[in-house]
> 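My questions will all concern the structure given below.
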Amino acid sequence: MLQAVIEGRAPFVLHEMGWDADFLHRLLTGAATSTSLVDHCVNATLGCGDLAILVERDRYRSRVAKGSQVEIWTFDAALGAFA
C-alpha cells in the first residue's frame, strides 16, 4: 500500500509535511488550541508531536474542498480533546 501511495496508485494521496516558517509559527502559537506551545509544555497538556499533528490537520483542512470532514483518529485523551 505504501508503494502504491508513492506511485500515485492508491485511493488516497500523500500529504507531505514541511517544516517551513508557516508550520513553525503555527506550532509556536499552539495550532487551533488557543494556547501556545510553551504553555502546553509547561502545563504538560500537549507536546510538540501532538501540536505538530494539529498544525498539519489544520493545514490539510485549508487545502481540501469546503465541507470536507477532516479528523484525527487517536486514542490519546489529550490530543483527542482537540481532534
Side-chain angles (χ1 to χ4, degrees):
M1 183 54 75
L2 294 177
Q3 190 63 41
V5 170
I6 292 168
E7 295 169 359
R9 298 181 293 111
F12 47 87
V13 296
L14 177 64
H15 171 72
E16 295 187 21
M17 182 179 140
W19 285 60
D20 56 11
D22 177 64
F23 175 87
L24 293 175
H25 174 74
R26 291 178 188 220
L27 183 71
L28 287 172
T29 59
T33 67
S34 302
T35 303
S36 73
L37 167 64
V38 172
D39 288 339
H40 276 297
C41 291
V42 167
N43 297 318
T45 47
L46 292 174
C48 272
D50 289 342
L51 284 174
I53 292 168
L54 293 174
V55 168
E56 284 305 309
R57 185 260 333 253
D58 294 344
R59 290 172 72 169
Y60 180 75
R61 186 181 280 160
S62 72
R63 288 194 307 272
V64 298
K66 296 275 189 216
S68 296
Q69 188 171 351
V70 179
E71 297 179 0
I72 298 169
W73 182 75
T74 181
F75 289 120
D76 182 278
L79 179 58
F82 297 99

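Quantities reported herein were computed from a predicted structural model and do not represent experimental measurements.
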> Just how far is it from atom OG1 of Thr29 to atom CG of Leu27, taken to the nearest 0.5 Å?
8.0 Å

> Out of curiosity, Asp58 CG to Ile72 CD1, how far, rounded to the nearest 0.5 Å?
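One finds 7.5 Å between CG of Asp58 and CD1 of Ile72.
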
> Please answer: with hydrophobic residues joined when any side-chain heavy atoms are less than 4.5 Å apart, are Leu28 and Trp19 in the same cluster?
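Shared cluster, yes.
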
> Please determine whether side chain to side chain contact (heavy atoms under 4.5 Å, CB included) holds for the pair Thr45 and Thr35, giving the CA-CA distance in whole Å, both sets of side-chain angles, and the decisive distance to 0.1 Å.
CA-CA 10 Å; Thr45 47; Thr35 303; 5.5 Å; no

> Could you grab the distance from atom CG of Leu79 to atom CG of Leu51, nearest 0.5 Å is fine?
9.0 Å

> Answer yes or no: is there a side-chain heavy-atom contact under 4.5 Å between His40 and Asp50?
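Counting from C-beta outward, His40 and Asp50 never come under 4.5 Å.
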
> What's the shortest heavy-atom distance between Phe23 and Glu56, and which atoms?
CD1-OE2, 3.2 Å

> Take Leu54 and Leu46 through the side chain to side chain contact (heavy atoms under 4.5 Å, CB included) test and state the conclusion after the steps.
CA-CA 10 Å; Leu54 293 174; Leu46 292 174; 3.9 Å; yes

> Considering all heavy atoms of both residues, which atom of Arg59 and which atom of Gly18 are nearest to each other, and what is their separation?
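Scanning both residues, the minimum pair turns out to be NH1-O, 3.4 Å.
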
